[in-house]
Amino acid sequence: RMRAAGILLDIGIVKEAEPFLPNLEEAKAKSDYAALNLIARHRATLARKDKASAGKDALPLAWEISISFLNDTKAPAPARSEALFRALSLIPSLGDSRGKDWLEKTFKDPKGGGVELLGTLGTLTSLNRENPGESIRLEQLKTQAAAVKSILSIEGVDPALWSGVFTLFARQWHQEATVTQEKDQKNSRRNVPQFDPFGNMFFTPQQAEFQGGGTRPIATGEMLDCRPDDAWLAIVEPTTRNQCLTLAARLYLKVKEEDGALPLIGEIASTRRDEAVSLVRETIKVWAQNHNPNEDQNYRQQYMYFYGYNNQAGSIPLTRSKQERNLVELAALVKGIRVLELGESFHKELTDAFISCHSQAEVWRVDSIEKVFGSSDALDAETLASMTARMRLNLAGLWPNPKLQEAFKTKRKDKELEEQILAGYAAAQGMITRALEKKPAGAWRLSSQLAALRFEESNYRSSIVRDNNHSRVKRASLDAL
């Protein structure tokens with residue numbers, strides 16, 4: 001009967017599970033901890049799903065059962081861990097001072113019973129590290145995180161007195177996160193669509209994708225949800241703190257969430273510069289992948305635009321407004337990186353990101369470059385030369401291609417396209433000329449790019465209409481080179 005009740009709770013059929021529950025008084029008399037946990041779980045779940053059916057006594061009963069054997073040394077560690085997690089999760093819903101009073105009584109004194117309780121939890125988590133069932137390991141990590149949050153919320157508690165226990169919990173999260181980093185093959189934590197037997201769509205969290213034997217990893221998103229936060233890490237031993245920050249940043253980048261990684265990199269930068277530089281490079285790479293309008297995004301498939309297939313969804317052209325939003329976000333990223341003061345320009349990575357966030361059919365504009373990097377004449381010669389070299393390639397071979405323009409549905413006529421290309425050459429040359437007036441270090445890079453631009457522009461003009469100055473311009477450009 002208990003097994004039947006457990007199965008019904010697992011699949012969300014809560015009210016119908018009640019007839020299969022064990023008798024509460026018998027469970028107390030026999031110290032049947034599994035039965036007590038099952039009853040408490042049922043009352044707590046029913047109160048969340050259907051308050052009217054549960055009645056006003058459901059939550060208090062679940063609470064009383066959960067705390068009744070937390071300090072019972074005869075109770076198995078897994079049973080106490082389950083009860084502790086439930087007790088901590090019920091505190092906000094009790095609506096009175098019982099939860100707060102219990103927290104203060106149990107955890108305010110680091111020499112009290114709370115230390116033994118958390119020690120049992122830590123030992124259990126450590127012992128289950130090789131347990132192939134990731135759901136059990138995840139619940140224990142969640143319990144640890146909930147315990148830390150609850151203790152830190154107690155008024156008057158001295159966090160430093162709990163440093164040893166919290167450091168142990170942080171290390172256990174780091175060890176589990178290392179498995180996730182190495183084994184979970186998913187690169188996103190977006191909810192994925194599922195369909196019920198009647199064809200209705202619903203969304204569920206992604207599970208870890210893993211091939212091979214051994215311990216199954218916990219999903220990256222789940223690990224990030226229970227990671228040590230700033231308040232927790234503030235009282236953790238420094239080496240463990242840095243390890244957790246670094247791994248959390250890498251997990252964010254693993255699931256393509258660079259916004260979550262950058263603040264953590266800022267904390268790492270003060271003590272581990274080389275690690276921070278490596279993470280920044282990866283952050284820029286992830287940003288470019290997320291904002292590349294020229295590649296299909298797996299989470300924007302045609303099927304997801306509406307019910308069934310939508311043939312137009314795959315051919316929606318990139319709008320100027322989307323490109324402008326990309327540039328605004330890239331400018332914010334550049335600003336955030338510069339604040340770190342790592343002594344690196346990241347010119348190659350940022351140039352690649354700038355290129356990636358543009359439509360392949362759009363000629364770059366000087367104001368776009370300056371919006372991201374600042375005044376073009378203030379850019380260092382290497383960055384500006386690198387960007388100009390890429391611009392030359394596009395001006396010569398990519399942007400003039402009518403098939404590309406057709407593919408991106410720009411609807412430009414030949415004359416309009418010619419004007420765009422010539423404006424691009426003029427803008428690039430003007431940008432370099434202004435920069436050379438400042439006599440920057442490495443000016444030779446800019447001079448060679450300027451000569452190449454003039455040579456290639458002359459070639460383009462002569463391909464449109466006969467140009468009597470073509471030979472002279474080419475000769476002058478080659479001499480400059």
Novice: For the backbone of L70 and the side chain of R80, can you confirm whether one donor and one acceptor N or O come within less than 3.5 Å of each other?
Specialist: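 It does hold such a pair.
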Novice: Taking the side chain as C-beta and beyond, is there a heavy-atom pair between L61 and L24 under 4.5 Å?
Specialist: yes
Novice: Give, for atom CD1 of I91 and atom CH2 of W63, the distance between the pair rounded to the nearest 0.5 Å.
Specialist: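 Here the interatomic distance stands at 4.5 Å.
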Novice: What pair of heavy atoms forms the shortest contact from I265 to A276, and how long is it?
Specialist: CG2-O, 3.9 Å
Novice: Would you please test E237 and T240 for side chain to side chain donor-acceptor pair (under 3.5 Å) and show each step?
Specialist: CA-CA 6 Å; E237 180 267 329; T240 302; 2.8 Å; yes
Novice: Taking R86's backbone N and O only, do any of them form a donor-acceptor pair with S89's side chain (distance below 3.5 Å, no angle check)?
Specialist: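 Yes.
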Novice: With side chain to side chain contact (heavy atoms under 4.5 Å, CB included) as the criterion, how do V286 and Y252 come out once you've worked through the C-alpha distance, each side chain's angles and the decisive distance to 0.1 Å?
Specialist: CA-CA 10 Å; V286 169; Y252 274 117; over 6 Å; no
Novice: Among all residues two or more places apart in sequence or in another chain, which pass the ring pair (Phe, Tyr, Trp, His ring centres under 6.0 Å) test with F20?
Specialist: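 Testing F20 for ring pair (Phe, Tyr, Trp, His ring centres under 6.0 Å), a comparison that skips the adjacent residues, returns none.
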Novice: Which heavy atom of A58 sits nearest to which heavy atom of A47, and what is that distance?
Specialist: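 Reported closest heavy-atom pair: CB-CB, 4.1 Å.
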Novice: Give, for atom CG of L8 and atom CD of E16, the distance between the pair rounded to the nearest 0.5 Å.
Specialist: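 CD of E16 is found 7.5 Å from CG of L8.
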Novice: When you measure from the side chain of N326 to the backbone N and O of C357, does any donor-acceptor pair fall under 3.5 Å?
Specialist: yes
Novice: What distance do T239 atom OG1 and H174 atom NE2 have between them, rounded to the nearest 0.5 Å?
Specialist: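 The OG1 atom of T239 sits 11.0 Å away from the NE2 atom of H174.
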Novice: Side chain to side chain donor-acceptor pair (under 3.5 Å) for T180 and D184? Distances and angles first, verdict last.
Specialist: CA-CA 5 Å; T180 296; D184 185 10; over 6 Å; no
Novice: Can you find a heavy atom in the side chain of D32 that is under 4.5 Å from one in the side chain of P22?
Specialist: no
Novice: Could you tell me if the side chain of R43 sits less than 4.5 Å from the side chain of E18, heavy atoms only?
Specialist: yes
Novice: Could K285 and E349 be called an ion pair, given the rule that one side-chain N must be under 4.0 Å from one carboxylate O?
Specialist: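 No.
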Novice: Using atom types as modelled and distance alone, determine if a side-chain donor or acceptor of W287 lies under 3.5 Å from a backbone N or O of K256.
Specialist: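 Pair absent, no side-chain N/O of W287 close to backbone of K256.
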Novice: R250 vs S278, test: side chain to side chain contact (heavy atoms under 4.5 Å, CB included). Steps then yes/no.
Specialist: CA-CA 10 Å; R250 294 203 177 279; S278 172; 3.6 Å; yes
Novice: Side-chain contact test, heavy atoms from C-beta onward, threshold under 4.5 Å: evaluate it for L340 versus V280 and give yes or no.
Specialist: yes
Novice: Please examine the side chains of R98 and E64, heavy atoms only from C-beta on, and report whether any two atoms are closer than 4.5 Å.
Specialist: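 Answer yes - side chains close enough.
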Novice: Given the rule in the side chain to side chain donor-acceptor pair (under 3.5 Å) test, do Q181 and K254 qualify, once you have shown the distances and angles that lead to the verdict?
Specialist: CA-CA 8 Å; Q181 172 71 7; K254 182 183 182 73; 4.6 Å; no
Novice: Starting at NZ of K49, measure out to NZ of K15 and round the result to the nearest 0.5 Å.
Specialist: 12.5 Å
Novice: For a 4.5 angstrom cut-off between non-hydrogen side-chain atoms, does K142 reach R137?
Specialist: no
Novice: Begin from the C-alpha positions of N290 and E258 and carry the test side chain to side chain contact (heavy atoms under 4.5 Å, CB included) through to its verdict.
Specialist: CA-CA 9 Å; N290 286 340; E258 71 278 2; 2.8 Å; yes
Novice: Are the side chains of L262 and L279 in contact, using a 4.5 Å heavy-atom criterion?
Specialist: no
Novice: Salt bridge between E134 and K183, side-chain N to carboxylate O under 4.0 Å?
Specialist: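 Salt bridge absent between E134 and K183.
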Novice: How close do D259 and P263 get, counting heavy atoms only, and between which atoms?
Specialist: O-CD, 3.1 Å
Novice: What are the two closest non-hydrogen atoms of A27 and L36, and how far apart are they?
Specialist: CB-CD2, 3.9 Å
Novice: Enter the distance from E176:CD to Q144:CD here, rounded to the nearest 0.5 Å.
Specialist: 10.0 Å
Novice: Closest approach of A40 and A62, non-hydrogen atoms and distance?
Specialist: O-CB, 3.5 Å
Novice: Has the side chain of R241 got a donor or acceptor atom that lies under 3.5 Å from a matching backbone atom of I235?
Specialist: no
Novice: Which heavy-atom pair separates A5 from L38 by the least distance, and what is that distance?
Specialist: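 Scanning both residues completely, I find the closest heavy atoms to be CB-CD2, 3.9 Å.
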Novice: Contact between L152 and F166 at the side-chain level, heavy atoms closer than 4.5 Å - yes or no?
Specialist: yes
Novice: CG/L333 to NE2/H291 distance, rounded to the nearest 0.5 angstrom?
Specialist: 8.5 Å
Novice: Please determine if E344 and R273 form a salt bridge, counting it only when a charged side-chain N lies under 4.0 Å from a carboxylate O.
Specialist: yes
Novice: If the plane angle is over 60° it's perpendicular, under 30° parallel, otherwise tilted; pick one for F69 and Y33.
Specialist: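 Judged by the thresholds at 30° and 60°, the geometry between F69 and Y33 is tilted.
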Novice: Test L141 against M223 for side chain to side chain contact (heavy atoms under 4.5 Å, CB included), laying out the working first.
Specialist: CA-CA 9 Å; L141 291 176; M223 290 302 302; 3.8 Å; yes
Novice: Exactly one of L88, V165, V157 should register a side-chain contact (heavy atoms from CB on, under 4.5 Å) with I151. Which one does?
Specialist: V157
Novice: What's the verdict on side chain to side chain donor-acceptor pair (under 3.5 Å) for R390 and T351, showing C-alpha distance, side-chain angles and the deciding distance?
Specialist: CA-CA 9 Å; R390 298 295 291 270; T351 299; over 6 Å; no
